[in-house]
Amino acid sequence: MKVQVYAMLKDYFNEEMTMDTTGIQNASDLIVKLSELNPKAEAVLKRCRIAVDMKFVSGDYKLNTHDTISIIPPSSGG
Amino acid sequence: MKVQVYAMLKDYFNEEMTMDTTGIQNASDLIVKLSELNPKAEAVLKRCRIAVDMKFVSGDYKLNTHDTISIIPPSSGG
Amino acid sequence: MTPSASFPLPVAVDFKLIVTEPIDVCGLLQWAHHPKAGGIVLFSGEVRNHHAQKKVTHLEYEAFVPMAEQMIREITQAAIEKWNLHSAICVHRIGKLDICESAVVVVTAHSHRKESYEANQYIIDRVKHEAPIWKREFYEDGTSFWGGDCHCG
Amino acid sequence: MTPSASFPLPVAVDFKLIVTEPIDVCGLLQWAHHPKAGGIVLFSGEVRNHHAQKKVTHLEYEAFVPMAEQMIREITQAAIEKWNLHSAICVHRIGKLDICESAVVVVTAHSHRKESYEANQYIIDRVKHEAPIWKREFYEDGTSFWGGDCHCG
């Protein structure tokens, strides 16, 4: 699956990553996996939302190999 | 004293009038006097405020021969 | 928008607050920019084409000009002190106004938006209810009506 | 201001809602005029020169553009339906912004002012908290800070 990160997450990860789905059933699993890949990002990741096809999904959303997943840090627009 | 009226009151009175102070001790008396001069204006006059030198005064404000008095209908700006 | 070369005093001492020409809405917004102001709110009260089921063709506003200017200045100053605004201004137009034209514009600038909204509403509410300014609506059927009149005279 | 030749649909379907150039604040205000709208409220969120005792030199905004545009459109539409607005629009800028420049502008138009203020605040509150847009502040001392970051990573 394709994973895109934004804003301060780009200090910890590549902007766009291709990840294999081994051990990643749902959206929550993906956050855990990313935290393992870079523990420094854990505090931010805990506060992120996940979007699939520009729609926010809950932690138990089942991820698909063909999904493009966006990790959305807390909004700070305006 | 000089009395100035505004807005719909100009349908009932001259815009600027010189009135003698006989029987007009205070601001309330002036409203009564104007209502006598044109009873059709009474309902509006009851809702007017009185200003002397661009400051609102209360009904018991003692009027002076040299005052310029403004009869201020309810505001409807904006 | 780019900032003005020099930043305004909180209250607009040099502006005419009662005008007969169209209000320069963009100019007021431009004036209100301030490097400490994170939230600017602008209210424009505009002439509607209807009132109580009647079609409005235009309005006329009349004011006791020097007193209205003085009161608008006092009300604006009170808001600046109450909320600690970086800038605030209110301009009211008089004379004949067409549909969609601005009768009154209020601009408020504060570090934070909540205070800008509150102060803006405070100013327009007080100006509408207290300043000696009167509206006369003209209808398509040829009749007209003074705002604030009680229909009972 | 004079009315547009044709009046807008309530929601601005043809506007770019995320822009890289300065926001045309006056153009948005102009667009929002509506013959049924008595009260138009404009909010401009501008870059402040300070944040938490630090001097800000400029900001940079980043967005997940297509999703941010879609969410701003949905939030604006929700406000139009909730308050029965005559028009509403929200435009957010991204990229580098200097002090006093508008990062976001919201315009709402209703027959009455109370609803225009409420709807305006509703839109900016939701856009700030929900849309995938991020602010990075740059300080005079050479440091920078992502808005929303928790300083605990």
>> Is it the case that the side chain of D/Ser102 and the backbone of D/Gly45 share a donor-acceptor pair, with hydrogens and angles ignored and the cut-off at 3.5 Å?
In response: no

>> Against C/His92, only a single residue in C/Phe64, C/Trp134, C/Tyr61 fulfils ring pair (Phe, Tyr, Trp, His ring centres under 6.0 Å); can you say which?
In response: C/Tyr61

> Can you name the one residue among C/Thr108, C/Leu28, C/Ile123 that meets side-chain contact (heavy atoms from CB on, under 4.5 Å) with C/Cys90?
Replying inline: C/Ile123

> Looking at C/Tyr122 and C/Ala78, what are the two nearest heavy atoms and their distance?
Replying inline: OH-CB, 3.7 Å

>> Tell me whether D/Lys54 forms a cation-pi arrangement with D/Tyr139, defined as NZ or CZ under 6.0 Å from the six-membered ring centre and within 45 degrees of its axis.
In response: yes

> Which is it for D/Val19 and D/Ile94 under the side-chain contact (heavy atoms from CB on, under 4.5 Å) test, yes or no, and what are the steps along the way?
Replying inline: CA-CA 6 Å; D/Val19 299; D/Ile94 56 172; over 6 Å; no

>> Can you tell me which portion of D/His112 sits under 4.5 Å from chain C's heavy atoms? Options are side chain, backbone, both or neither.
In response: side chain

> Which bit of D/Asp125 comes within less than 4.5 Å of chain C, counting heavy atoms only: side chain, backbone, both or neither?
Replying inline: both

>> Quick check for you: among D/Asn49, D/Val47, D/Val105, which has the greatest number of heavy-atom pairs under 4.5 Å with chain C?
In response: D/Asn49

>> Can you confirm if the aromatic rings of D/Phe43 and C/Tyr117 lie within a centre distance of less than 6.0 Å?
In response: yes

> Highest number of heavy-atom pairs under 4.5 Å with chain C: which of D/Arg113, D/Lys36, D/His50?
Replying inline: D/Arg113

>> Heavy-atom cut-off 4.5 Å, strictly under: side chain, backbone, both or neither for D/Val41 against chain C?
In response: both

>> Using heavy-atom distances under 4.5 Å, tell me whether D/Asn120 contacts chain C through its side chain, its backbone, both, or neither.
In response: both

> Most heavy-atom pairs under 4.5 angstrom with chain D, which of C/Ile40, C/Val106, C/Asp24?
Replying inline: C/Ile40

>> Less than 4.5 Å to any heavy atom of chain C: does that hold for the side chain of D/Ser111, its backbone, both, or neither?
In response: both

> What option among C/Val56, C/Leu42, C/Val107 has the most heavy-atom pairs under 4.5 Å with chain D?
Replying inline: C/Leu42

